[in-house]
Amino acid sequence: MKTKAFSGRLAAWALSALALSACSQQQGGAEGDKGAAAGTKGVAAGDKGAAGDKGGKAGGAKIALLLPESKTARYESKDRPFFEAKVKALCPDCQILASNANQDASQQQAQAEAALTNGASVLVLDAVDSASAAVIANKAKAQKVPVIAYDRLVPGTDAIDYYVSFDNEAVGRLQGESLLKALGNKPTARVVMINGAATDNNGLTFKKGAHSALDGKVQVVKEYDTPDWSPDKAQDQMTQALTALNNQVDGVYAANDGTAGGAIAAMKAAGIKPLPPVTGQDAELAAVQRILLGEQYMTVYKAIKPQAEAAAVIAYHLATGKPVPTDITGGKTVNNGTKEVPSVLLVPLAVTKENLKDTVIADAFWTQEQICTAQYAEACKAAGL
Ligand code: BGC
């Protein structure tokens, strides 16, 4: 029930974002864009208006998309294609300068500088490292180029114009609460925490949310931050924990599906059977399949399409000098320690075997065919898929 409402809300939001963007194109971006109804009617015309827009910077405006890494599947398989498709739909003449820094902060700095040199009129920045990202944002600001913090907030700079993400503390809370449930709320349960990267503001926020659910309710017997979110480093950390704990582990908090995969590989190598409940995030295909096999307990589903599309709508308006429709943030802001950043924050959802069908599959994030390949046919059948 709840999941249907969730999908419905997302769809409604995505539609209204589309309508609003069309509305502002049509009206030349009149402040406020109050007319949601008029905007809905004007979608087709508005989109045409964007395509045919020869004036101003619209023709050939350059939009830089700076992604952080490729060990996590989402960036190249979801974020980038959804973002590109939305920009192309709004502005066929716009050019997207997309890059991936492969976990390397200095590479991201070089990619951002190249984008600025090549005439990018907006940066959509998914930061590898908070501190270096602040330097990038300040450079962009000095050149009057606005910056959208995409997925990861960049603290400590006033050069961030928008933030488009999920409620990341809620992500950590959902993970912690699911783990508690799987452990049967047992205060003596021994939990290993494999957090994300401490250089990513999200890594810290997920950790805060998870602790708010777990502290005092279980024993956190080992805890690690995972440099660069690397699954292989997570695996090493889990191996260390198992050695130190004599394999006595009742549950594993893993901050995302990549680190969950690393932790599970370490436990399998140590011969642990049955595997204890393990959390995750991203609804990666491999994780969804592990959930069906009973190797991973849960993941957090974040519908990336509305996230990428919201960033594309904002980027398009900024790049072409049009006012960003105010309704896209609905007045919401997030404080990055320096300023209140206008923000789009989407709602994450906990996913286990029980609601896989109503969430990930219902949204076509992955189709049943993609999930239930020959190797998983039996597990799919048992789960009613
Ligand atoms: C993102 C997660 C992702 C992780 C590793 C976080 O900032 O929110 O979705 O799994 O980075 O790339």
Side-chain angles (χ1 to χ4, degrees), residues 65-80 82-83 99-105 107-108 124-133 148-155 160 163-175 194-210 224-235 237 253-263 278-288 290 296 298-308 310-311 334 336 343-351 360 365-366:
L65 175 67
L66 299 148
L67 295 171
E69 53 127 328
S70 43
K71 284 198 178 170
T72 301
R74 58 171 284 183
Y75 303 110
E76 296 299 331
S77 71
K78 301 279 182 191
D79 296 271
R80 181 173 174 153
F82 284 140
F83 182 85
S99 51
N100 191 312
N102 290 312
Q103 303 178 325
D104 182 339
Q107 199 177 330
Q108 187 162 66
V124 180
L125 173 60
D126 197 338
V128 170
D129 170 280
S130 298
S132 334
I148 301 170
Y150 182 70
D151 198 67
R152 300 176 175 179
L153 187 61
V154 181
I160 301 297
Y163 173 47
V164 179
S165 192
F166 283 79
D167 179 342
N168 292 311
E169 204 168 323
V171 170
R173 248 189 340 264
L174 288 174
Q175 294 169 320
I194 311 271
N195 300 307
T199 46
D200 166 10
N201 187 66
N202 282 350
L204 303 176
T205 314
F206 302 144
K207 178 167 151 180
K208 187 172 168 209
Y224 307 86
D225 291 331
T226 308
D228 307 321
W229 286 94
S230 284
D232 39 337
K233 290 178 189 157
Q235 183 169 349
Q237 292 172 162
Y253 166 85
N256 74 347
D257 290 336
T259 52
V278 180
T279 65
Q281 164 179 197
D282 288 337
E284 284 191 357
L285 184 56
V288 167
R290 285 196 298 264
Q296 183 173 327
M298 64 86 70
T299 186
V300 175
Y301 171 49
K302 302 190 296 188
I304 292 170
K305 192 166 189 240
Q307 182 185 17
V334 170
N336 77 339
S343 298
V344 175
L345 285 191
L346 300 165
V347 181
L349 188 70
V351 171
V360 169
F365 193 73
W366 301 115

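First listed ligand is number 1; within each ligand, the first listed atom is number 1.
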With a 4.5 Å limit on heavy-atom distance, are the side chains of Lys71 and Asp232 in contact?
yes
Thr259 and Gln237: side-chain contact (heavy atoms from CB on, under 4.5 Å), yes or no, with the steps?
CA-CA 10 Å; Thr259 52; Gln237 292 172 162; over 6 Å; no
Between Gly258 and Glu284, what is the shortest heavy-atom contact and its length?
N-OE1, 4.5 Å
Strictly by modelled atom types, are Trp229 and Asn256 linked by a side-chain donor-acceptor pair under 3.5 Å?
no
If you measure only the distance, is there a donor-acceptor pair under 3.5 Å linking the side chains of Gln296 and Asp257?
yes
Expected rows: ligand 1 N/O, protein N/O, dist below 3.5 Å:
{"residue": "ligand 1", "atom": "7 (O)", "partner": "Arg152", "partner atom": "NE", "Å": "2.8"}
{"residue": "ligand 1", "atom": "7 (O)", "partner": "Asp200", "partner atom": "OD2", "Å": "2.7"}
{"residue": "ligand 1", "atom": "7 (O)", "partner": "Asn202", "partner atom": "ND2", "Å": "3.0"}
{"residue": "ligand 1", "atom": "8 (O)", "partner": "Asp151", "partner atom": "OD2", "Å": "2.6"}
{"residue": "ligand 1", "atom": "8 (O)", "partner": "Asn202", "partner atom": "ND2", "Å": "3.2"}
{"residue": "ligand 1", "atom": "8 (O)", "partner": "Lys302", "partner atom": "NZ", "Å": "2.9"}
{"residue": "ligand 1", "atom": "9 (O)", "partner": "Arg74", "partner atom": "NH1", "Å": "2.8"}
{"residue": "ligand 1", "atom": "9 (O)", "partner": "Asp282", "partner atom": "OD1", "Å": "2.6"}
{"residue": "ligand 1", "atom": "9 (O)", "partner": "Lys302", "partner atom": "NZ", "Å": "3.0"}
{"residue": "ligand 1", "atom": "10 (O)", "partner": "Asn256", "partner atom": "ND2", "Å": "2.9"}
{"residue": "ligand 1", "atom": "10 (O)", "partner": "Asp282", "partner atom": "OD2", "Å": "2.5"}
{"residue": "ligand 1", "atom": "11 (O)", "partner": "Tyr75", "partner atom": "OH", "Å": "3.3"}
{"residue": "ligand 1", "atom": "11 (O)", "partner": "Arg152", "partner atom": "NH2", "Å": "2.8"}
{"residue": "ligand 1", "atom": "12 (O)", "partner": "Glu69", "partner atom": "OE2", "Å": "2.5"}
{"residue": "ligand 1", "atom": "12 (O)", "partner": "Thr72", "partner atom": "OG1", "Å": "3.3"}
{"residue": "ligand 1", "atom": "12 (O)", "partner": "Tyr75", "partner atom": "OH", "Å": "2.7"}
{"residue": "ligand 1", "atom": "12 (O)", "partner": "Arg152", "partner atom": "NH2", "Å": "3.1"}

Validate the cation-pi geometry between Lys78 and Phe365: distance from NZ or CZ to the six-membered ring centre under 6.0 Å, angle to the ring axis within 45°.
yes
